[in-house]
Amino acid sequence: MKRIYLTIIACWAMLTMGSAQELTIKDMTVAGNDISASQYERKDEKGVACALVKILMVGEIKRATGNVVGEMIDKGSEKWVYVKNGSKSLQITVADGKTLTVDFNRFGIPELNSKVTYMLDISEPTTIRLTKEVETVTVNGVSFNLIRVDGGTFTMGSNKLPPESDKAFYKIHHSPEHQVTVSTFYICETEITNELWRSINKRSAKYANPQFPQNQVSWIECCAFAEELSQTTGLNFRLPTEAEWEFAAKGGNKSKGYKYSGSNNLKEAGWWDEKDMDLHSVKYHANELGIYDMTGNVAEWCLDCFNDYDYSGKPETDPIGENDSHPERKCVRGGSYLSSESNNKKFGMYTVSRNNMDYAKYDREVGFRLVVPIDNN
């Protein structure tokens, strides 16, 4: 497998990550006290219907673009922008040239209405430093934990074959063993839950229980969620690389060498088809680092493109897999509630098991968790 370093990733989902800490959208709401707007439709000098967006922000706004009518009006603590009726987004550029795209649908507003005044609250950069072993992040009233995974070198993949019944599956994707070094990062203690998904994404979760892992999400949707979570928190969230995922699943520098995450006994490690063929709330079983459900419940997307290992023999540091022929094939790890120990049905349960899926597809067995690289927070 070709490998490149994280510092030169050219992934569309990551292009905007660098600016995620610069501006944060706190909220966008409908002003309830603008009676005249509700009674009389606003129109510009050419008779085009337009809505008023009042931008609340400490700091200088250089310009606003995106179906904007006329010039931005400075009202001191507020900046007023008139935007054409039906507009779906707005771009805000501040004095240093950095731009933030405001997607109205994210706040439950499909498009602007000319009989409504909107309040857009944008905060200055939020500086959050992750230093503890366990850090708690709260988003819109929903709290979740990040677990610190200290960097280290480990053996990725495996040359050993599991039972005869799944030998072919295992051998094709999991060898050869090779040495990989990963830098320190933080990883979500659990898979992203329906509750956390709904706190950022206003669409209804696809499973009713708030503590069930969010499933049936594409790789593309996961990257978009990571970007929105980054903008909200000021931290740079993204999907884990395969190397980060496997290192964390094995227990990092505290690893006891289990074949499943946190145990050699699959019945202890997670939810799978011979235990209970259904989704369950997160936090069933933690591994050596205190990370839950890295075996079973839902399989998890990784950042990498999928390809068979093509190891050159040289040690690798913070690698990410690529596949020029099939860039749409993304890695999936960890097994699910429908996986089987006897035949590795669909997604394998071992910490070294690998599978893949098209990045635009989704599946009831697949969810995700996110990481924050330590040098990007």
Side-chain angles (χ1 to χ4, degrees), residues 5-7 9 11 13-26 98 100 123-154 180-193 195-197 199-200 213-214 222-255 261-262 282-283 286-294 300-303 317-320 367-377:
Y5 293 107
L6 285 173
T7 51
I9 295 174
C11 173
M14 307 303 290
L15 287 177
T16 57
M17 281 298 196
S19 63
Q21 293 180 342
E22 305 303 331
L23 294 173
T24 301
I25 308 173
K26 295 178 65 175
K98 292 184 172 62
L100 175 67
S123 70
E124 290 186 296
T126 301
T127 302
I128 301 177
R129 304 302 300 178
L130 302 179
T131 58
K132 302 176 183 177
E133 293 295 313
V134 180
E135 294 277 4
T136 300
V137 179
T138 300
V139 180
N140 298 328
V142 178
S143 296
F144 62 98
N145 289 336
L146 294 172
I147 305 296
R148 182 183 175 97
V149 181
D150 290 318
T153 300
F154 74 109
V180 170
T181 298
V182 294
S183 301
T184 299
F185 61 96
Y186 280 83
I187 190 168
C188 289
E189 180 185 46
T190 70
E191 293 150 339
I192 300 300
T193 62
E195 183 179 41
L196 181 57
W197 176 268
S199 75
I200 295 294
Q214 178 66 36
C222 294
C223 289
F225 177 87
E227 181 183 343
E228 291 189 50
L229 188 61
S230 298
Q231 290 180 350
T232 302
T233 63
L235 296 171
N236 274 342
F237 285 92
R238 61 166 169 78
L239 287 170
T241 66
E242 269 203 287
E244 290 168 338
W245 191 97
E246 186 171 320
F247 186 59
K250 287 180 172 179
N253 296 323
K254 299 179 181 180
S255 176
S261 186
V282 296
K283 287 196 173 184
N287 70 1
E288 298 92 320
L289 292 172
I291 306 168
Y292 289 85
D293 302 313
M294 296 198 80
E300 300 174 16
W301 286 108
C302 290
L303 187 63
T317 300
D318 292 330
I320 177 172
F368 68 113
R369 74 179 74 218
L370 298 173
V371 301
V372 178
I374 194 66
D375 57 348
N376 285 332
N377 81 86

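Since this is a predicted model, take the numbers as computed values, not measurements.
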For the pair [X] (side chain) and [Y] (backbone), establish whether a donor and an acceptor sit closer than 3.5 Å, ignoring hydrogens and angles.
X	Y	answer
Thr241	Leu303	no
Asp318	Val180	no
Ser261	Ala249	yes
Glu135	Thr131	yes
Arg369	Ile192	no

Residues in ring pair (Phe, Tyr, Trp, His ring centres under 6.0 Å) with Phe185, at least two apart?
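Ring pair (Phe, Tyr, Trp, His ring centres under 6.0 Å) list for Phe185, sorted by chain: empty.
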
Which pairs count as salt bridge (charged side-chain N to carboxylate O under 4.0 Å, His left out) when at least one residue sits in residues 137-151, sequence neighbours excluded?
Arg148-Asp150

What's the separation between atom OG in Ser199 and atom CG in Leu229, rounded to the nearest 0.5 Å?
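The distance works out to 7.5 Å.
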
Go through the side-chain N and O atoms of Asn236 and Ser230 and say whether any donor and acceptor fall under 3.5 Å apart.
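No - no donor-acceptor pair under 3.5 Å links their side chains.
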
For Thr153, which residues count as a side-chain contact (heavy atoms from CB on, under 4.5 Å) partner, sequence neighbours excluded?
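Applying side-chain contact (heavy atoms from CB on, under 4.5 Å) to Thr153 gives Gln179, Thr181.
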
Output all residues satisfying side-chain contact (heavy atoms from CB on, under 4.5 Å) with Lys283, sequence neighbours left out; order by chain, then residue number.
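Expected list: Glu189, Thr190, Tyr292.
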
Please name all residues satisfying side-chain hydrogen bond (donor to acceptor under 3.5 Å, both in side chains) with Glu191, sequence neighbours left out, ordered by chain then number.
none

With sequence neighbours left out, the residues meeting side-chain hydrogen bond (donor to acceptor under 3.5 Å, both in side chains) with Glu228 are Arg106

Does the side-chain hydrogen bond (donor to acceptor under 3.5 Å, both in side chains) test come out yes or no for Ser143 and Thr136, once each step is laid out?
CA-CA 7 Å; Ser143 296; Thr136 300; over 6 Å; no

